[in-house]
Amino acid sequence: PKLFWLTLFGLIGAWWFYAKLGWQHLHIPFVGTFEIGFWYIPFFVLTVVATSLSVNETDGLDGLAGGPLLAAFGSYSVIAWSQGRTDLATLCAVICGGLVAFLWFNVNPARVFMGDTGAMSLGVLLAIVALMTNQPLLLLVIGFPFVIESLSVMIQLTSKKLRNGKRVFKSSPIHHHLEAIGWTEPQIVMRTWLISFIASAVGAVIALVDRL
């Protein structure tokens with residue numbers, strides 16, 4: 001059901017961007033901007049669905065998804081501002097403020113939880129912001145922790161299907177594997193935050209240098 005509704009939402013958004021707003025271009029950092037025509041629709045849907053599900057998979061420990069989301073929206077706020085999109089930059093900044101307030105009560109031991117509703121909706125919003133800045137490919141860098149979480153799930157499922165149930169990780173997503181090998185929850189969360197802040201900074205620098 002989650003995948004169905006996300007795909008439907010993505011198709012509606014993709015149709016609106018493509019048919020109503022005329023968005024048909026994809027920017028590749030340091031390479032250029034290319035018109036991809038109708039292929040913009042499946043790319044839009046893939047970006048929305050993949051980002052939302054990845055954020056939701058990451059939301060498995062206290063504060064684990066909130067920190068990378070804070071870093072990612074902060075990075076896209078800088079990117080939007082550099083493009084003169086002050087409205088979009090302001091939206092990202094407001095989301096960052098909300099995440100700071102949320103994380104105050106979400107760090108271990110959490111008193112407030114994000115849940116599917118928060119994780120998936122923020123994932124969709126992050127994807128839309130990335131698409132509106134025409135820097136969706138930078139999500140692979142800026143959202144690096146989300147990418148790793150999803151990859152760990154795909155690797156685990158593929159291994160179990162092709163290798164007669166054999167697993168690569170003790171558990172997936174990867175934060176559960178790290179728990180299984182002895183990492184404490186604060187260690188996993190804080191190290192993920194560090195990685196996400198570095199990755200988001202690198203993504204913002206790539207976008208800024210690309211504009212020079």
Side-chain angles (χ1 to χ4, degrees), residues 10 13-14 16-18 21-37 39-55 57-59 63-103 119 121-151 189-212:
W16 185 268
F17 270 62
Y18 178 79
L21 303 180
W23 286 58
Q24 302 178 28
H25 296 81
L26 174 64
H27 181 73
I28 303 176
F30 305 119
V31 177
T33 302
F34 302 91
E35 184 175 341
I36 58 176
W39 288 104
Y40 187 82
I41 292 178
F43 178 77
F44 186 104
V45 175
L46 175 64
T47 302
V48 169
V49 172
T51 305
S52 181
L53 291 179
S54 296
V55 173
E57 288 169 347
T58 306
D59 185 36
L64 187 60
L69 280 170
L70 175 62
F73 277 108
S75 181
Y76 273 108
S77 180
V78 172
I79 293 172
W81 176 80
S82 72
Q83 296 175 350
R85 298 293 307 274
T86 54
D87 54 345
L88 202 56
T90 301
L91 171 64
C92 290
V94 169
I95 296 298
C96 286
L99 284 168
V100 168
F102 166 75
L103 285 169
S121 60
L122 286 170
V124 169
L125 181 58
L126 179 61
I128 297 296
V129 167
L131 288 159
M132 290 185 70
T133 57
N134 205 8
Q135 290 285 10
L137 295 182
L138 280 182
L139 273 173
L140 297 173
V141 178
I142 294 172
F144 184 69
F146 305 130
V147 174
I148 295 300
E149 292 279 351
S150 284
L151 281 177
V189 173
M190 290 299 100
R191 288 170 181 173
T192 300
W193 283 21
L194 289 174
I195 293 171
S196 66
F197 292 151
I198 294 171
S200 294
V202 170
V205 169
I206 289 174
L208 294 175
V209 173
D210 183 46
R211 288 183 58 83
L212 296 178

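Both backbone and side-chain heavy atoms feed into the values below; hydrogens, waters and symmetry mates do not. None of the values given here were measured: they were computed from a predicted structure.
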With a 4.5 Å heavy-atom cut-off, do Leu125 and Val129 have their side chains touching?
yes
Any side-chain heavy atom of Phe73 sitting closer than 4.5 Å to one from Leu91?
no
Which pair of non-hydrogen atoms, one from Ala71 and one from Ser196, has the smallest distance, and what is that distance?
CB-O, 3.8 Å
Taking side-chain hydrogen bond (donor to acceptor under 3.5 Å, both in side chains) as the definition, give me every residue that meets it alongside His27, ordered by chain and number, with sequence neighbours left out.
Thr33, Asp210
Point-to-point distance, once rounded to the nearest 0.5 Å, from CZ of Arg85 to OG1 of Thr90:
11.0 Å
Checking side-chain contact (heavy atoms from CB on, under 4.5 Å) between Phe146 and each of Leu69, Thr51, Leu139, which is the one that passes?
Leu69
Would you check if Gln83 and Leu88 make a side-chain contact, meaning some heavy-atom pair closer than 4.5 Å?
no
Interatomic spacing from CE in Met132 to CG in Asn134 - rounded to 0.5 Å:
11.0 Å
Taking side-chain hydrogen bond (donor to acceptor under 3.5 Å, both in side chains) as the definition, give me every residue that meets it alongside Ser150, ordered by chain and number, with sequence neighbours left out.
Ser54, Glu57
Least distance between heavy atoms, Leu26 atom then Pro136 atom:
CD1-CG, 3.6 Å
Phe102 atom CZ: more than 12 heavy-atom contacts under 6.0 Å:
yes
Give me the ring orientation class for Tyr40 and Trp23: parallel if the planes are under 30° apart, tilted from 30 to 60°, perpendicular past 60°.
tilted
Check this for me: Trp81, atom CH2, are more than 12 non-hydrogen atoms of other residues, nucleotides or ligands nearer than 6.0 Å?
no
Applying the ring pair (Phe, Tyr, Trp, His ring centres under 6.0 Å) test to Phe44, which of Trp16, Tyr18, Phe17 qualifies?
Phe17
I need the minimum non-hydrogen distance between Val48 and Gly10, along with the two atoms involved.
CG1-CA, 4.5 Å
Identify the two heavy atoms, one from Ser200 and one from Ala72, that lie closest to each other, and give their separation to 0.1 Å.
OG-N, 3.5 Å
Measuring from Leu194:CG to Ile198:CD1, what's the distance to the nearest 0.5 Å?
6.5 Å
To the nearest 0.5 angstrom, please state how far the CD1 atom of Ile206 sits from the CZ atom of Arg211.
15.0 Å
So, taking the atom named CG in Leu46 and the one named CD1 in Ile41, what distance separates them when rounded to the nearest 0.5 Å?
13.5 Å
Nearest atoms (heavy-atom pairs only) where Phe197 meets Gly67
CE2-O, 3.9 Å
Between Pro145 and Ile142 the two heavy atoms that sit nearest each other are CD-O, 4.5 Å
State the SG-CG distance between Cys92 and Asp87, to the nearest 0.5 angstrom.
9.5 Å
Do Leu138 and Ile79 make a side-chain contact, defined as non-hydrogen atoms from C-beta onward lying under 4.5 Å apart?
yes
